Amino acid sequence: MKNMNPKIIELPKILDKRGNLSFFEYPQQLPFQIARTYWIYDVPGGEVRGSHAFKNQDEFIVALSGSFDVVLHDGENEIKYSLNRSYYGLYIPKMFWRRVENFSTNSLALVVSSTLYDVNDYIRNFEEFKRMKNAN
Ligand code: TYD
């Protein structure tokens, strides 16, 4: 899938008096197969995570609890997505600079990734990211 754009994906919501349930599967909700899952929690007030881009990995982020903002930059423009429901996820294709900020108390960010962890997949310099993005 080339030139994909970030998008909010609404997940199924099974309403139940005993408590609600949501899920995602490839390929019905997710545009990629999951290779890895991690989560971010116990974030102190005011902290910012993930100021970087990935050369290859796609990610999907869900605010399982609480809320936070995912700010994406495509090399020209920045868009902020506020995640605050456990039945919405944000799909982030490769080659978007992102930072995650404004975490509420006790927020829990679930992230599924299309690849295994690879330190060489990170672009940590914003100027280098812009050069690579504009060269595409
Ligand atoms: P990193 O992705 O740099 O976090 P953030 O972008 O949110 O600041 O990851 C922080 C540390 O965790 C880094 O030293 C590598 C380690 N890590 C893994 O070992 N496996 C993983 O799947 C992830 C996401 C991170």
Side-chain angles (χ1 to χ4, degrees):
M1 283 189 230
K2 290 217 157 103
N3 300 319
M4 294 291 290
N5 286 318
K7 67 172 173 193
I8 294 284
I9 296 174
E10 184 168 2
L11 303 173
K13 190 163 49 156
I14 315 294
L15 298 176
D16 192 309
K17 288 196 293 274
R18 300 169 300 159
N20 300 334
L21 182 153
S22 289
F23 60 88
F24 50 82
E25 291 181 332
Y26 169 82
Q28 285 84 351
Q29 291 82 27
L30 264 195
F32 59 85
Q33 268 185 297
I34 300 168
R36 178 165 51 104
T37 304
Y38 62 94
W39 47 99
I40 298 168
Y41 54 99
D42 289 349
V43 179
E47 286 294 345
V48 175
R49 303 247 7 172
S51 290
H52 53 67
F54 293 114
K55 294 176 213 162
N56 280 310
Q57 73 174 278
D58 295 343
E59 290 196 327
F60 181 68
I61 305 186
V62 182
L64 284 188
S65 178
S67 61
F68 48 84
D69 296 335
V70 182
V71 183
L72 298 184
H73 203 295
D74 66 4
E76 289 181 359
N77 300 301
E78 196 171 83
I79 305 189
K80 180 160 82 180
Y81 295 88
S82 294
L83 296 182
N84 54 17
R85 292 282 182 268
S86 53
Y87 49 87
Y88 282 108
L90 175 63
Y91 168 58
I92 309 175
K94 66 185 83 170
M95 289 302 286
F96 279 84
W97 188 268
R98 104 276 302 284
R99 54 177 208 276
V100 191
E101 61 189 25
N102 199 22
F103 289 88
S104 69
T105 304
N106 288 331
S107 57
L108 171 57
L110 177 74
V111 188
V112 294
S113 167
S114 64
T115 69
L116 298 179
Y117 177 72
D118 176 5
V119 70
N120 296 314
D121 197 40
Y122 285 69
I123 308 167
R124 293 199 176 272
N125 179 296
F126 187 61
E127 294 307 313
E128 184 190 349
F129 163 72
K130 281 201 290 192
R131 273 198 302 277
M132 291 177 71
K133 184 88 179 173
N134 294 328
N136 275 343

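Just follow the structure's listing: the first ligand is 1, and inside any ligand the first atom is 1. Just so you know, these numbers come straight off a predicted model, no measurement behind them.
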Distance to 0.1 Å, residue and atom name: give those for the protein heavy atom nearest to atom 1 (P) of ligand 1.
Y122 OH, 3.7 Å
Can you report which non-hydrogen protein atom sits closest to atom 24 (C) of ligand 1, along with the distance?
R36 NH1, 3.4 Å
Shortest non-hydrogen contact from L72 to R98?
CD2-CB, 3.4 Å
Determine if the distance from atom 11 (C) of ligand 1 to the closest protein heavy atom is below 4.0 Å.
no
Considering only NZ, NE, NH1 and NH2 on the basic side and carboxylate oxygens on the acidic side, decide whether E128 and R131 come within less than 4.0 Å.
no
List the steps, then state whether ring pair (Phe, Tyr, Trp, His ring centres under 6.0 Å) holds for H73 with F129.
CA-CA 10 Å; H73 203 295; F129 163 72; 7.0 Å; no
Taking all non-hydrogen atoms of both residues into account, name the closest pair between S67 and N84 and its distance.
CB-CB, 3.6 Å
To check you understand the geometry: which heavy-atom pair defines the closest contact between K133 and M95, and what is its length?
NZ-O, 2.6 Å
Can you tell me the protein heavy atom closest to atom 25 (C) of ligand 1 and the distance?
Y117 CE1, 3.8 Å
Using 4.0 Å as the upper bound for N to carboxylate O, is an ion pair formed by E101 and K80?
no
Give the single entry among R124, H52, R49 that approaches atom 3 (O) of ligand 1 most closely by any heavy atom.
R124
Taking only heavy atoms of Y38 into account, list the atoms of ligand 1 that are under 4.0 Å away from them.
24 (C)
Check ligand 1 against G50 and write out every atom of the ligand that is under 4.0 Å from a heavy-atom position of the residue.
5 (P), 6 (O), 7 (O), 8 (O)
